[in-house]
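Here's the structure, in structure tokens; my notes come after.
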Amino acid sequence: MSRRTRTRTVTVLATTLAAALAVTMGLSACVPLFLPQQARSTSSPTTEKVSADLEPFYSQVLKWKDCGSGLQCTTASAPLDWADPAAGTVDLALVRHPASGSRVGSLLVNPGGPGGSGYDFVKDSLDYATDAKLQAGFDIVGFDPRGVGRSSAVKCYQPAQMDQYLYGLTTAARGTDAWIQELETASADFGAACAKNTGALLGQVDTVSAARDLDLLRAALGDKKLSYLGYSYGTFLGATYADLYPGKVGRLALDGALDPSTSNAEVTRVQATGFENALRAYLADCLDGAKCPFDGTVDDAMSTIGSLLASVDASPITATDGRKLGANTLLTAIIYPLYQAEAWPNLSEMFTTVLQGDADAAFQFADGYNGRNKDGSYRDNSTEAFMAINCVDYSYNDDPAAMRAQAAQIEAAAPVIGKYMAFGDIGCANWPHTFTGQRTQIHATGAAPILVVGTTNDPATPYVWAKNLAGQLDSGHLVTYTGEGHTAYNKSNACVNNAVDDFLLKGTVPATDPRC
């Protein structure tokens with residue numbers, strides 16, 4: 001299935017790769033510097049005035065229970081349809097790590113996606129999400145947005161059906177009318193299953209609704225203004241919040257930014273370029289070291305990878321579990337470790353096995369990206385939520401002529417991997433619910449200063465998007481990290497960490513971009 005790459009922070013790796021990648025992806029089990037304060041069992045909501053139909057939601061008292069490892073959990077209630085609060089409710093799952101020092105307030109955290117679980121992000125990867133300084137000053141609150149994970153969730157396929165949707169091969173040649181028809185049929189079937197199994201929620205998982213939920217959570221937690229750390233897609237959620245509620249913006253840090261005004265087709269083209277550049281950077285590093293599966297120049301190695309993708313597209317490799325490795329799955333396996341440069345050695349190991357005709361390592365990487373467990377089950381609904389949210393956040397066009405023109409542009413921008421990222425509009429063009437808004441710049445006029453962090457060689461959310469968002473926001477301030485990988489805070493250097501920590505904890509805004 002051709003589909004856009006998720007704009008997310010990779011947080012929890014597949015169990016088959018955890019031992020190899022836990023260190024390289026920055027996960028840690030550090031002991032907090034301070035013992036947590038006595039955790040409160042309830043949260044007192046703010047007393048702000050809202051309309052009568054929203055008052056029950058804004059005045060709800062959150063009751064926290066112990067979840068182990070010093071964490072507390074609860075569930076909040078939000079309107080299913082913010083335009084009609086009486087039409088039903090959705091559940092929003094939260095987990096928090098109480099401040100270990102002098103408490104400033106609550107810091108809500110979103111890992112990206114869309115479809116990423118903020119609950120799991122904090123529960124399983126607290127030290128990857130935030131550093132000890134933020135953990136001392138804030139209650140770190142992870143939440144699953146509507147449609148995601150432990151919250152009222154999008155539900156589509158059983159695992160075997162999901163395998164076919166994600167890993168299944170087409171019978172027609174790539175790019176032909178028959179190939180397009182096969183993808184359209186598969187997408188229509190998937191969308192119909194999502195509609196049947198999810199119900200009315202499927203039409204209410206847009207980012208604007210999620211941003212309204214965020215304001216409700218802020219009030220229920222007792223914070224008059226929002227403190228928020230958003231990664232990747234989480235930057236779009238945060239920027240949307242700032243546009244809707246500029247007067248309630250406290251301190252928002254947005255790392256790995258999306259450009260809110262970018263169309264779906266442009267997102268795909270820019271991402272294809274970003275991952276192609278990251279692949280070239282990996283190869284340059286690989287060819288300078290030992291145990292590299294390639295030789296010659298970077299261009300020679302890129303040609304080898306292009307030939308490998310074409311080869312498995314024509315003649316898939318069978319893995320030991322019987323699944324067949326085609327080009328789209330191989331590309332997913334390549335992209336997964338490109339999110340962080342520390343994982344490049346693992347990418348070399350994967351390439352070595354695939355070049356020898358062994359598909360197992362490639363499936364391990366693809367499974368890690370897709371959240372598939374070794375037993376064939378799926379650990380979350382991130383793929384289903386990713387599709388459902390994107391399908392109502394962007395507009396799509398599956399006219400063959402238009403898609404072929406876009407495909408040509410994508411392939412020109414990324415000659416090796418571009419063709420395997422094209423035709424992504426098919427997945428959402430016939431979705432049960434359509435985009436009704438407009439993709440425009442976000443200015444958030446009147447908002448307090450907002451920090452935007454961008455990495456110069458970020459493949460998933462390229463640096464140009466961070467520059468664009470910081471420029472669009474009336475109060476945007478850019479922090480640049482010169483380096484590789486997707487997102488920078490707590491994953492790069494002290495310069496970035498200090499800028500983000502000082503901003504969130506003290507409100508200190510860099511006088512100029514520190515160019516970390």
Side-chain angles (χ1 to χ4, degrees), residues 39-64 72-96 98-99 103-110 118 137-147 151-152 200-201 204-230 234 236-254 436-437 442-450 473-475 504 507:
R40 294 159 293 130
S41 60
T42 61
S43 292
S44 300
T46 61
T47 57
E48 61 199 77
K49 292 183 178 181
V50 295
S51 60
D53 54 358
L54 293 179
E55 196 277 335
F57 297 101
Y58 272 75
S59 64
Q60 64 186 295
V61 175
L62 301 181
K63 298 180 180 180
W64 299 89
Q72 297 176 307
C73 308
T74 192
T75 301
S77 180
L80 169 65
D81 182 353
W82 276 89
D84 183 10
T89 63
V90 296
D91 290 336
L92 302 175
L94 298 89
V95 64
R96 75 176 177 186
R103 181 178 180 274
V104 175
S106 301
L107 178 69
L108 285 98
V109 181
N110 181 276
F138 285 104
D139 293 341
I140 307 298
V141 180
F143 64 99
D144 283 354
R146 56 175 57 215
S151 294
S152 297
L201 172 65
Q204 303 291 337
V205 294
D206 58 285
T207 296
V208 169
S209 294
R212 296 194 185 281
D213 293 343
L214 194 55
D215 192 58
L216 184 156
L217 295 179
R218 169 201 59 77
L221 289 166
D223 294 306
K224 294 186 181 300
K225 295 193 175 184
L226 177 70
S227 293
Y228 174 83
L229 174 59
F236 179 48
L237 177 58
T240 300
Y241 177 90
D243 207 38
L244 291 170
Y245 305 101
K248 296 179 182 179
V249 169
R251 299 166 188 171
L252 271 59
L254 310 178
T436 58
I442 288 180
H443 301 295
T445 302
I450 298 172
L473 291 168
D474 286 359
S475 58
L504 289 174

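Between L92 and A78, the shortest heavy-atom contact is CD1-CB, 3.8 Å. Looking at every heavy atom in both residues, S106 comes nearest to S227 through O-CB, 3.4 Å. The shortest non-hydrogen separation linking A239 to L254 is N-CD1, 4.2 Å. The shortest heavy-atom contact between A211 and L244 is CB-CD1, 3.8 Å. The shortest non-hydrogen separation linking K63 to T42 is CG-CG2, 4.2 Å. Residues G238 and L252 come closest through the heavy atom pair O-CD2, 3.5 Å.
Remark: side-chain polar atoms of T207 are not paired, donor with acceptor, to backbone N or O of L237 under 3.5 angstrom. For Q60 (side chain) and S77 (main-chain N/O), a donor-acceptor pair under 3.5 Å exists by modelled atom type. The backbone N or O of A99 sits less than 3.5 Å from a side-chain atom of D139, completing a donor-acceptor pair. Judged purely by atom type and a 3.5 angstrom limit, T240 uses its side chain to pair as donor or acceptor with the backbone of F236. Although no hydrogens or angles enter the test, the distance criterion places a donor-acceptor pair under 3.5 Å between the side chain of S151 and the main chain of A93. Between the side chain of S475 and the backbone N or O of A447, at least one donor-acceptor pair lies under 3.5 Å.
A salt bridge links D215 and R218; the closest N-O separation between the charged side-chain nitrogens and carboxylate oxygens is under 4.0 Å.
A distance of 6.0 Å separates CZ in F138 from CZ in R251, rounded to the nearest 0.5 Å. Of the inter-residue distances, the one linking Q204 atom CD with D206 atom CG reads 6.5 Å to the nearest 0.5 angstrom. Between the CG atom in L226 and the CG atom in L107 there is a gap of 8.5 Å [rounded to 0.5 Å]. Atom CD in Q72 sits 11.0 Å away from atom CG in L62 (nearest 0.5 Å). The CG atom of D144 sits 9.5 Å away from the CG atom of N110 when rounded to the nearest 0.5 Å.
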Trace of the side chain to side chain contact (heavy atoms under 4.5 Å, CB included) decision for H443 with D474: CA-CA 5 Å; H443 301 295; D474 286 359; 3.7 Å; yes

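For the salt bridge (Lys or Arg N to Asp or Glu O under 4.0 Å) test, residues two or more places apart in sequence or in another chain that qualify with D213 are R146.
Two residues are said to be in side-chain contact when any heavy atoms from C-beta on lie closer than 4.5 Å; V249 and Y245 fail this criterion. Taking the side chain as every heavy atom from C-beta outward, T89 and S152 never approach each other to under 4.5 Å. Residues W64 and S43 form a side-chain contact, since some pair of their non-hydrogen atoms from C-beta on lies under 4.5 Å apart. Inter-residue side-chain proximity for L108 and F143 is flagged as met; some heavy-atom pair is nearer than 4.5 Å. In this structure, T46 and D223 have side chains that are not in contact, with every pair of non-hydrogen atoms separated by 4.5 Å or more.
Aromatic ring orientation, Y58 versus W82: perpendicular (interplanar angle above 60°, classes split at 30° and 60°).
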